[in-house]
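Step one of this worksheet: look at the structure below.
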Amino acid sequence: MNLKKLIFSVVCLAGISMYGFSKPQPEGTAFSAGDSLSLPRILQQVLTSYPTVAKAMDAIQAAEAGVGLAKSGYYPNIGADAGYTRIDPVPELTIPELGHFVMAPNNNYNASVFIHENVYDFEKTRRSVELEKSSKELSERNLDLVRQRLTLITSVSYYTLIYLQEAIKIKETQIATLQKHLDFVTRKEQTGSATQYEILSTQVRLSNAENQKVDLEASRLTQQAILNSLLGLPMVTNLKVQGSFISSQPEIRPDSLIIYALNHRYEMVMARLKEEHARLHLRSVRVMDNPTLSVFAKGGINNGYFPDLDKLTPNLAAGIGFNATIFDATRKHNTIKIANSEISMAKNETEQTSRDISAEVFQNETNLIASLKKIDQSDLQVKQANEALNLAAISFKTGAITNLDLLDAETALEESRVNLLRARIEFAINVVRLNISVGRPIQ
């Protein structure tokens with residue numbers, strides 16, 4: 001329990017403090033080759049300009065348009081029309097003793113303005129608006145989720161690059177030390193006080209160290225390319241990262257981590273929203289065949305009125321309409337079945353998400369505890385390796401051990417330093433993972 005308290009006094013480290021830097025900054029932030037970048041600066045750029053963020057923002061705008069489209073059912077439709085029609089022959093009528101009558105003109109003109117509005121559609125428009133608002137809320141939460149995932153990817157790449165940069169420096173120090181030893185034993189071999197075996201053994205160690213450096217450099221270039229991709233820079237842009245591994249945040253009680261995660265993870269929020277969205281869809285489907293009460297009016301001018309057929313005469317028409325579905329060929333019945341299935345699937349998704357999050361939190365908590373123990377062990381190992389090297393150096397000066405024994409001690413120290421660096425990086429990454437897995441909000 002003391003160990004857990006210690007862990008969670010620093011549990012919300014880099015992964016969450018850096019969220020505070022996710023506020024948008026002006027576009028066009030430039031990173032030049034050789035820049036030494038901190039994690040907050042990198043996140044500012046990634047969380048503002050990465051394509052998935054822009055895509056999620058576009059989805060929100062589309063959802064807003066969907067809400068506006070649904071609300072259009074509250075407003076009238078207004079339009080205008082005009083036309084000309086030629087009739088030939090025209091209807092005529094002759095009545096004895098009364099005369100000959102032309103019933104319509106050959107040239108017919110009309111122009112009018114019309115308006116049509118649904119007065120009441122028995123909840124269809126209102127429920128459609130609720131459904132579209134739910135879609136918008138889902139889009140907004142999806143933006144948060146996209147940024148959260150980008151934060152994790154960027155942080156892991158950042159810390160991995162820090163590790164590789166420092167590991168290469170350690171390896172370069174080791175190579176320089178081996179080269180000095182090689183020069184030393186070569187001079188000794190010339191005087192007959194060293195054997196060819198010592199030279200070959202030192203050369204093998206040097207070759208191995210150089211190969212390891214090549215591997216580290218290749219990994220560094222790979223991580224650099226990943227970071228360049230996140231930043232929108234050419235893959236070959238040379239970037240360096242800098243910064244400390246951790247910063248303090250308010251602690252979460254260890255026994256409350258899973259409960260906190262289930263209440264705050266964006267995946268859970270979205271799963272519950274999807275359930276509610278499915279229910280709103282069902283409510284909307286249930287009223288799809290409800291009747292509609294509407295009014296209309298049309299006014300304009302046209303000719304053809306008896307007895308002066310060619311005179312343009314103002315006219316008006318208005319009325320009320322009622323539309324009801326008698327039989328819809330089972331469309332509503334089957335659509336309701338689909339909507340009910342969507343509700344069931346959404347519930348199952350919520351349950352699955354809950355289980356996955358619980359397992360993820362437990363795993364990340366376990367990994368964090370393990371990485372903290374590794375730091376303690378690696379730190380002790382560095383101290384022991386350093387003491388061993390000091391003793392080996394004294395023994396070498398007195399001739400008690402050979403040059404190869406001293407190289408073993410130096411190699412052990414360099415490897416211990418690399419292990420300690422790796423443990424600290426793993427701890428920082430696990431802190432990020434745990435913070436994100438419990439659903440810390442973006443500040």
Residues Leu420 and Ile375: closest non-hydrogen pair is CD1-O, 3.8 Å
Could you tell me whether Arg265 and Glu360 have a side-chain N and a carboxylate O separated by less than 4.0 Å? yes
Under 3.5 Å side-chain donor-acceptor pair for Arg41 and Gln45: no
Val285 side chain near His281 side chain, heavy-atom distance below 4.5 Å: yes
Restricting to non-hydrogen atoms, name the atom on Phe322 and the atom on Pro291 that form the minimum distance, rounded to 0.1 Å. CZ-CB, 3.5 Å
Taking only residues two or more places apart in sequence or in another chain, which ones pass salt bridge (Lys or Arg N to Asp or Glu O under 4.0 Å) with Lys169? Glu166
Let's go through Asn435 and Asn364 carefully: what are the C-alpha distance in whole Å and the side-chain angles of both, what is the deciding distance for side-chain contact (heavy atoms from CB on, under 4.5 Å) to 0.1 Å, and is it a yes or a no? CA-CA 9 Å; Asn435 275 285; Asn364 289 331; over 6 Å; no
Side-chain donor/acceptor of Ser229 to backbone N/O of Ala225, under 3.5 Å: no
Do Gln174 and Lys171 pair up side chain to side chain, a donor and an acceptor below 3.5 Å, judged on atom types alone? yes
Is it the case that Gln352 and Asn348 place a side-chain donor and acceptor less than 3.5 Å from each other? no
Would you please name every residue forming a side-chain contact (heavy atoms from CB on, under 4.5 Å) with Glu349, sequence neighbours left out? Lys274, Thr353
The criterion is ring-ring contact (aromatic ring centres under 6.0 Å, His included); which residues satisfy it with Phe122, sequence neighbours excluded? Tyr120
Between Glu130 and Arg127, is there a side-chain N and carboxylate O pair less than 4.0 Å apart? no
Using side-chain hydrogen bond (donor to acceptor under 3.5 Å, both in side chains) as the criterion, list what pairs up with Arg205, not counting sequence neighbours. Asp408
Could you report the tightest heavy-atom contact between Thr237 and Leu233, atom names first, then the distance? OG1-CB, 3.9 Å
For Glu189, the salt bridge (Lys or Arg N to Asp or Glu O under 4.0 Å) test, sequence neighbours excluded, returns none
Within a reach of under 6.0 Å around OH of Tyr197, are more than 12 heavy atoms found that belong to other residues, nucleotides or ligands? no
Determine the minimum heavy-atom distance between Leu413 and Val382, stating which atoms define it. CD1-O, 3.8 Å
What residues, two or more places apart in sequence or in another chain, satisfy side-chain hydrogen bond (donor to acceptor under 3.5 Å, both in side chains) together with His181? Asn403, Glu410
Please assess Arg272 against Glu275 for the test salt bridge (charged side-chain N to carboxylate O under 4.0 Å, His left out), listing each intermediate value before the final yes or no. CA-CA 5 Å; Arg272 295 186 182 107; Glu275 274 194 61; over 6 Å; no
Between Val361 and Val438, is any pair of side-chain heavy atoms under 4.5 Å apart? yes
side-chain contact (heavy atoms from CB on, under 4.5 Å) partners of Glu64, counting only residues at least two apart: Ile60, Lys136
Lys/Arg N to Asp/Glu carboxylate O, Asp144 vs Arg141, below 4.0 Å: yes
State which residues pass salt bridge (Lys or Arg N to Asp or Glu O under 4.0 Å) with Glu276; sequence neighbours excluded, sorted by chain then number. Arg279
Any side-chain heavy-atom pair from Leu293 and Asp121 closer than 4.5 angstrom? no
Going through the distances and angles, do Glu351 and Arg355 end up as a salt bridge (charged side-chain N to carboxylate O under 4.0 Å, His left out)? CA-CA 6 Å; Glu351 176 62 23; Arg355 295 183 184 185; 2.9 Å; yes
Check: Lys124 main-chain N/O paired with Ser128 side-chain donor or acceptor under 3.5 Å: no
So, using side-chain contact (heavy atoms from CB on, under 4.5 Å) as the criterion, who are the partners of Ala80 when residues are at least two apart? Val113
Sole candidate of Leu404, Thr402, Leu182 that passes side-chain contact (heavy atoms from CB on, under 4.5 Å) when paired with Ser201: Leu404
Can you list the steps and then say if Gln242 with Ser38 is a side chain to side chain donor-acceptor pair (under 3.5 Å)? CA-CA 5 Å; Gln242 65 176 2; Ser38 63; 5.3 Å; no
For the residue pair Leu143 and Ala56, what are the closest heavy atoms and their distance? CD1-CB, 3.7 Å
Main chain of Ile153, side chain of Ser157: is a donor-acceptor contact present, judged purely on distance under 3.5 Å? no
With a 4.5 Å heavy-atom cut-off, do Gln179 and Leu206 have their side chains touching? yes
Kindly indicate whether the side chain of Leu406, heavy atoms from C-beta on, has any atom under 4.5 Å from the side chain of Leu389. yes
Measure from the side-chain N and O atoms of Ser207 to the backbone N and O of Gln203, and report whether any donor-acceptor pair falls under 3.5 Å. no
Side chain proximity check, Glu267 to Gln148, heavy atoms < 4.5 angstrom: yes
Not counting sequence neighbours, which residues clear ring-ring contact (aromatic ring centres under 6.0 Å, His included) with Phe114? List them please. none
Side chain to side chain donor-acceptor pair (under 3.5 Å), that's the test. Do Arg422 and Asn419 meet it? Break it down for me. CA-CA 5 Å; Arg422 184 185 298 113; Asn419 290 337; 2.8 Å; yes
Any Lys/Arg nitrogen of Glu123 or Arg283 sitting under 4.0 Å from an Asp/Glu carboxylate oxygen of the other? no
Are His116 and Pro76 packed together at the side-chain level, in the sense that at least one heavy-atom pair is separated by less than 4.5 angstrom? no
Give a yes or no answer on whether the side chain of Glu198 reaches the backbone of Thr195 with a donor-acceptor pair at less than 3.5 Å. yes
Side chain of Asp379, backbone of Asp376: donor and acceptor closer than 3.5 Å? no
Counterpart residues, side-chain hydrogen bond (donor to acceptor under 3.5 Å, both in side chains), relative to Glu137 (two or more places apart): none
Is it the case that atom NZ in Lys347 sees more than 12 heavy atoms from other parts of the structure closer than 6.0 Å? no
Which heavy-atom pair separates Tyr159 from Ile425 by the least distance, and what is that distance? O-CD1, 3.4 Å
Can you confirm whether Asn77 sits close enough to Ile115 that some side-chain heavy atom of one is under 4.5 Å from a side-chain heavy atom of the other? no
For Asp81, enumerate each residue passing the salt bridge (Lys or Arg N to Asp or Glu O under 4.0 Å) test, keeping only those at least two apart in sequence or located in another chain. Lys298
